[in-house]
Amino acid sequence: MREQLIELVELAKRGDKPAFDEVIRLCVPDLYRIAMSILKNKDDADDAVCETVVRAYESIHKLNDCNFFKTWIIRILVNQANTAYQKRSKVIFLNDTTFEPQYEDAYDLGNDELAAAVASLSLKLRTVITLYYFQDMRIKEIASVLMIPQGTVKWRLAKAKSVLKEKLSEAPQPRQKEELENAKQY
C-alpha cells in the first residue's frame with residue numbers, strides 16, 4: 001500500500017486531480033482520528049481536516065520527497081488543529097457536544113477508561129501519544145511533524161505514559177465497579 005500511495009502522490013504532484021482525491025481518501029481516516037484526539041470536537045475536527053486537504057492541494061507541488069507525504073500532511077493537520085484549539089480555548093461553550101465518530105476507528109480498544117484518560121491529557125502529551133501509538137509513527141517522524149527535538153518527543157511520551165498509568169491505576173477496575181453498583185442498590 002505504501003508504494004501505491006507514493007505513486008499516487010507523484011501523480012498528484014504533477015497535477016492529476018483523481019490521484020490527489022485517492023491519496024486523500026486513503027489518508028482522511030487517520031487525519032480525522034488525529035484531529036479528534038487533539039480537538040475533541042467533531043465540528044472542529046471536520047474543519048481542521050477540510051482545511052488541511054485544501055492546504056495540501058494548494059501546496060503539494062512544494063513537497064520535496066513523496067515518501068514523506070503522510071508526515072507532511074500530518075504536520076499541516078497538527079498546525080491546523082493547534083490553531084483551532086487555541087481559537088476555541090478563548091470561547092466559552094454553553095453546552096458540551098458529544099463525540100460521534102465519522103470513521104470506524106481501527107484502534108478502538110473498547111476501553112472507555114483509557115479513552116477518557118488519553119482525552120484528559122494536555123494537548124502536547126495527547127498529540128504525541130496519538131501519533132506514536134495510534135498512528136504508529138516513529139519518534140523521528142513525530143519530531144519532524146511537530147518540529148520539536150526528538151528528546152522532547154521522548155520526554156512527552158514518558159510523561160504521558162506516567163500520567164496515564166497514574167490515572168488508570170486510580171480508575172475502579174471492572175470488579176470494583178460491580179461492587180460499587182451493588183453497594184448503591186442497598
Closest non-hydrogen atom pair, [X] against [Y]:
X	Y	answer
Ala143	Pro149	CB-C, 4.1 Å
Tyr132	Met137	CD1-O, 3.4 Å
Leu11	Ala19	CB-CB, 3.6 Å
Met36	Ala45	SD-CB, 3.5 Å

Can you tell which of [options] makes a side-chain contact (heavy atoms from CB on, under 4.5 Å) with [X]?
X	options	result
Ile38	Thr130, Asn82, Leu131, Leu77	Asn82
Trp72	Ile60, Val9, Val145	Ile60
Val163	Lys165, Lys167, Lys161	Lys167

> Does Glu141 reach the main-chain N or O of Arg138 with its side chain, forming a donor-acceptor pair under 3.5 Å?
Replying inline: yes

> Would you find a donor on one side and an acceptor on the other, under 3.5 Å apart, between the side chain of Ser162 and the backbone of Ala158?
Replying inline: no

> Does the side chain to side chain contact (heavy atoms under 4.5 Å, CB included) test come out yes or no for Leu157 and Ile139, once each step is laid out?
Replying inline: CA-CA 9 Å; Leu157 275 172; Ile139 289 173; 4.1 Å; yes

Are any non-hydrogen side-chain atoms of [X] and [Y] less than 4.5 angstrom apart?
X	Y	answer
Ile6	Phe68	no
Phe69	Glu10	no
Val49	Ile34	no
Leu164	Ile129	yes
Lys70	Asp30	yes

> Counting only heavy atoms not in Lys13, do more than 12 fall under 6.0 Å of its NZ?
Replying inline: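 Correct, the count exceeds 12.
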
> Got a sec, which residues hit side-chain hydrogen bond (donor to acceptor under 3.5 Å, both in side chains) with Glu51, two or more places apart in sequence or on another chain?
Replying inline: Arg55

> For the hydrophobic clusters of this structure (ILVMFWY residues joined by side-chain heavy atoms under 4.5 Å, transitively), does one cluster hold both Leu26 and Val54?
Replying inline: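 Hydrophobic grouping puts Leu26 apart from Val54.
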
> Are Trp155 and Val118 grouped together when hydrophobic residues (ILVMFWY) are joined by side-chain heavy atoms under 4.5 angstrom apart?
Replying inline: no

> Do Arg75 and Ser144 have a side chain donor and acceptor closer than 3.5 Å?
Replying inline: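 Present: a donor and an acceptor within the cut-off.
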
> Is there a donor in the side chain of Asp65 and an acceptor in the side chain of Asn67, or the other way round, less than 3.5 Å apart?
Replying inline: yes

Distance in Å, [X] [atom1] paired with [Y] [atom2], rounded so as to fall on 0.5 Å steps:
X	Y	atom1	atom2	result
Lys154	Ile142	NZ	CD1	11.5 Å
Asp44	Thr83	CG	OG1	12.0 Å
Glu58	Ile76	CD	CD1	10.0 Å
Tyr32	Cys50	OH	SG	10.5 Å

>> The test is side chain to side chain contact (heavy atoms under 4.5 Å, CB included); show your working for Arg126 and Lys40 and say whether it passes.
In response: CA-CA 11 Å; Arg126 188 171 62 245; Lys40 297 190 245 177; 3.3 Å; yes

> side chain to side chain contact (heavy atoms under 4.5 Å, CB included) between Glu3 and Leu8: does it pass, once the steps are laid out?
Replying inline: CA-CA 9 Å; Glu3 291 81 25; Leu8 288 169; over 6 Å; no

>> side chain to side chain contact (heavy atoms under 4.5 Å, CB included) for Tyr85 and Thr127? Distances and angles first, verdict last.
In response: CA-CA 12 Å; Tyr85 186 82; Thr127 301; over 6 Å; no

>> Could you check whether Asp21 pairs with Arg25 (Lys NZ or Arg NE/NH1/NH2 to Asp/Glu carboxylate O, under 4.0 Å)?
In response: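 Between Arg25 and Asp21 there is no salt bridge, as every charged N stays at least 4.0 Å from the carboxylate O atoms.
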
